[in-house]
Amino acid sequence: MDPNIVVQMLKDNGFKRIKLFESDSYTVSKFAGTDIEVMLGIPNDQLHDLAKDYDNAKDWVKENVSDHMSSEQAFGRYVAVGNEPFLASYYDRYVNDLFPAMQNVQKALNAAGFGNVIKVTVPFNADVYESHSDKPSDGQFRSSLKGQMTSIAKFLRQNKAPILVNIYPFLSLYQSSNFPASFAFFSNDGRKVYDGNIAYSNVFDANYDTLVTALKKIGVPDLKIMVGEVGWPTAGHKYATPDYAQKFYAGLMKRLAANKGTPLRPGKLDVYLFALMDEDQKSIAPGPFERHWGIFTYDGKPKYPLDLSGGGNQNEMLVAAKGVQYLPAQWCVLNPDATNPVGLDDALGYACAYGDCTSLKPGSPCASLDKNWQASYAFNNYYQINDQDVSACDFNGLATVVKTNATRGNCLFPIQIVSDGGRIGGSRGGFMAGVLVLLALWFTL
């Protein structure tokens with residue numbers, strides 16, 4: 001999607017902060033002159049080069065910061081160095097690169113005159129800390145990371161920068177069939193976990209306070225904490241639905257509006273919501289829900305009522321993106337003349353492997369389709385992802401293009417938007433086109 005459209009949508013909804021998963025010069029420039037504060041992201045695969053050579057950090061700052069803003073008119077506030085770089089599944093791949101990369105980038109920001117206004121930070125997955133008793137008071141950093149986390153936390157405090165943590169109540173529910181569903185929300189009407197005199201009614205507070213305790217144990221009890229990601233998906237699992245997402249966000253917004261914080265950290269919470277829009281090219285290795293975190297659809301339509309004020313208005317809708325352009329109104333479906341089609345299973349498998357069939361998973365809006373309509377959904381998705389190329393709607397004669405909307409009830413058969421991703425592919429050698437087609441963004445109020 002054209003970044004100009006996205007910036008206007010952010011302004012229309014009153015969003016004041018945005019977190020870019022990756023910095024792209026063209027996109028960053030669109031925030032100049034707005035009152036939107038930007039957090040610039042650096043992907044993990046750049047950490048090694050930034051760590052080993054200060055000149056690389058200087059080049060990054062020039063391209064992504066100095067070329068777009070001055071120290072007097074800086075719309076950037078933070079640089080997120082890496083994204084969950086200490087995730088356990090990475091097997092320490094980035095452990096030796098993260099801290100020196102952070103130091104070099106901050107040094108380069110200082111040298112360019114931005115040191116007082118733009119600070120480096122890093123978004124961590126919540127698996128960098130743990131509690132063997134599952135109680136926040138026993139929180140501590142993983143033993144293998146304690147030294148690194150101590151150095152990083154003290155560096156952040158010295159630079160008056162926050163630590164970011166990504167907290168996902170949905171994943172607690174997804175990963176364990178024994179996890180009490182009510183504990184994932186803010187409804188305060190289900191199970192409670194008692195930790196001394198404190199009663200925790202939701203996993204968000206318990207997780208957050210586990211980090212508070214871990215920081216205290218390494219000697220930085222006053223380090224500012226920001227939640228780098230929190231959200232709820234709408235497809236790909238039985239609990240990933242618009243109704244559950246609306247329930248989660250309604251509780252979260254009410255909590256944020258109250259400025260009550262958590263038991264161990266009373267006060268205002270700084271929270272980035274994940275994510276702005278759905279991403280149909282995102283990896284589904286963690287689960288099919290990964291492509292459905294957006295509070296907006298891929299084309300910028302709000303998915304469900306959401307009252308950002310925390311007032312609980314069940315009919316409040318966000319403002320949709322304006323000026324979105326689409327490819328022609330046509331869909332690719334199973335050819336009705338292909339009765340008893342041979343090779344349908346293979347064609348369906350191919351379309352899903354190279355397209356996006358996550359909305360066909362149990363609990364998702366298209367899960368109830370029969371096999372023929374599942375094939376049509378898969379064919380159309382593949383066809384749209386390939387920008388309606390005629391060769392993408394063939395499948396050995398099993399598919400055909402129609403002009404009648406193929407949408408079935410709540411199961412949307414999408415039409416591809418006119419993409420701005422081609423500009424990225426041409427100028428940056430295919431630089432994560434999916435990020436700008438669907439803008440992998442986070443925001444905070």
Side-chain angles (χ1 to χ4, degrees), residues 17-29 31-32 37-87 90 92-125 128 145 147-166 220 223-226 228-229 270 272 428 431-432 435 440-442 444:
R17 301 183 193 175
I18 189 81
K19 177 184 173 190
L20 296 174
F21 183 76
E22 183 166 359
S23 300
D24 167 68
S25 181
Y26 176 74
T27 304
V28 171
S29 69
F31 290 95
E37 179 185 293
V38 179
M39 182 183 297
L40 303 173
I42 298 178
N44 293 333
D45 60 9
Q46 296 181 25
L47 295 181
H48 182 69
D49 288 341
L50 292 170
K52 74 176 183 179
D53 194 335
Y54 172 57
D55 285 340
N56 291 333
K58 289 195 295 184
D59 290 343
W60 188 94
V61 168
K62 181 183 184 305
E63 179 181 349
N64 295 282
V65 180
S66 302
D67 286 353
H68 306 294
M69 57 188 99
S70 66
S71 58
E72 293 79 20
Q73 294 180 317
F75 54 86
R77 178 75 177 279
Y78 299 110
V79 173
V81 182
N83 184 55
E84 299 186 337
F86 288 173
L87 194 68
Y90 290 158
D92 297 338
R93 186 184 313 169
Y94 306 108
V95 165
N96 294 324
D97 289 329
L98 177 61
F99 189 34
M102 294 173 66
Q103 291 174 305
N104 280 342
V105 173
Q106 188 64 63
K107 181 180 177 182
L109 287 167
N110 296 346
F114 294 97
N116 291 328
V117 290
I118 303 178
K119 307 292 186 179
V120 301
T121 183
V122 55
F124 288 107
N125 186 281
V128 297
L145 297 175
Q148 288 281 356
M149 291 303 302
T150 300
S151 298
I152 289 170
K154 291 182 176 179
F155 175 78
L156 293 173
R157 183 178 62 179
Q158 178 184 350
N159 282 282
K160 297 181 173 59
I163 187 172
L164 269 65
V165 61
N166 301 337
V220 282
L223 182 62
K224 179 178 174 59
I225 299 172
M226 296 176 69
E229 298 175 20
D270 285 315
Y272 284 82
R428 291 285 294 276
F431 154 78
M432 293 185 68
V435 169
L441 303 181
W442 295 263
T444 185

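How far OH of Y54 is from CG of D59: 10.5 Å, rounded to the nearest 0.5 Å. Rounding to the nearest 0.5 Å places CG of L50 at 10.5 Å from NE2 of H48. Here the straight-line distance linking atom NE2 of H68 with atom OG of S25 works out to 3.0 Å at 0.5 Å rounding. Interatomic distance, M226 CE to T121 OG1, rounded to the nearest 0.5 Å: 8.0 Å. To the nearest 0.5 Å, the span separating CD on E22 from CG on N64 amounts to 9.0 Å. Remark: L109 CG to N104 CG distance equals 11.0 Å, nearest 0.5 Å.
A heavy-atom distance below 4.5 Å is found between the side chains of Q148 and V95. For the pair I18 and Y272, the minimum side-chain heavy-atom distance is 4.5 Å or more. You'll find the side chain of F86 reaches within 4.5 Å of the side chain of I152, heavy atoms only. Inter-residue side-chain proximity for M149 and V220 is flagged as unmet; no heavy-atom pair is nearer than 4.5 Å. In this structure, the side chains of M39 and R77 stay at 4.5 Å or more apart for every pair of heavy atoms. Side-chain contact between F124 and L145 is absent, with no heavy-atom pair separated by less than 4.5 Å. At a threshold of 4.5 Å between non-hydrogen side-chain atoms, the residues L40 and W60 count as touching.
Taking both residues in full, the closest heavy atoms of L223 and R157 are given as CD1-N, 3.7 Å, listed atom of the first, atom of the second, then distance. When all heavy atoms of A74 and V117 are compared, the closest pair comes out as CB-CG2, 4.1 Å. Residue N83 comes nearest to N166 through the heavy atom pair OD1-ND2, 4.3 Å, listed as atom of the first residue, atom of the second, then distance. The two residues I118 and G76 come nearest to each other via the heavy atoms CG1-O, 3.5 Å. For A161 against K119, the heavy-atom pair with the smallest separation is CB-CB, 3.8 Å. P85 approaches L47 most closely through the heavy-atom pair CB-CD1, 4.1 Å.
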- Item | Verdict with supporting geometry, M102 and V122, side chain to side chain contact (heavy atoms under 4.5 Å, CB included) | CA-CA 8 Å; M102 294 173 66; V122 55; 4.2 Å; yes
- Verdict with supporting geometry, V28 and L20, side chain to side chain contact (heavy atoms under 4.5 Å, CB included): CA-CA 9 Å; V28 171; L20 296 174; 3.9 Å; yes
- Carefully, step by step, assess Y78 and L164 under the rule side chain to side chain contact (heavy atoms under 4.5 Å, CB included). CA-CA 11 Å; Y78 299 110; L164 269 65; over 6 Å; no
- Task: Could you please spell out the steps behind the side chain to side chain contact (heavy atoms under 4.5 Å, CB included) verdict for R17 and D270?
- Result: CA-CA 11 Å; R17 301 183 193 175; D270 285 315; 3.7 Å; yes
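In this view, E84 satisfies the salt bridge (charged side-chain N to carboxylate O under 4.0 Å, His left out) rule with no residue, not counting sequence neighbours. Scored by the salt bridge (charged side-chain N to carboxylate O under 4.0 Å, His left out) test, K154 finds no partners at all (sequence neighbours excluded).
A donor-acceptor pair is defined here as one N or O able to donate and one able to accept, closer than 3.5 Å; no such pair exists between the side chain of T27 and the backbone of S23.
Ring geometry for F31 versus F75: interplanar angle of 30 to 60°, hence tilted.
Between D55 and K58 a salt bridge is recorded (basic side-chain N to carboxylate O distance below 4.0 Å).
Counting non-hydrogen atoms of neighbouring residues, nucleotides and ligands closer than 6.0 angstrom, the CG atom of N116 reaches no more than 12 such neighbours.
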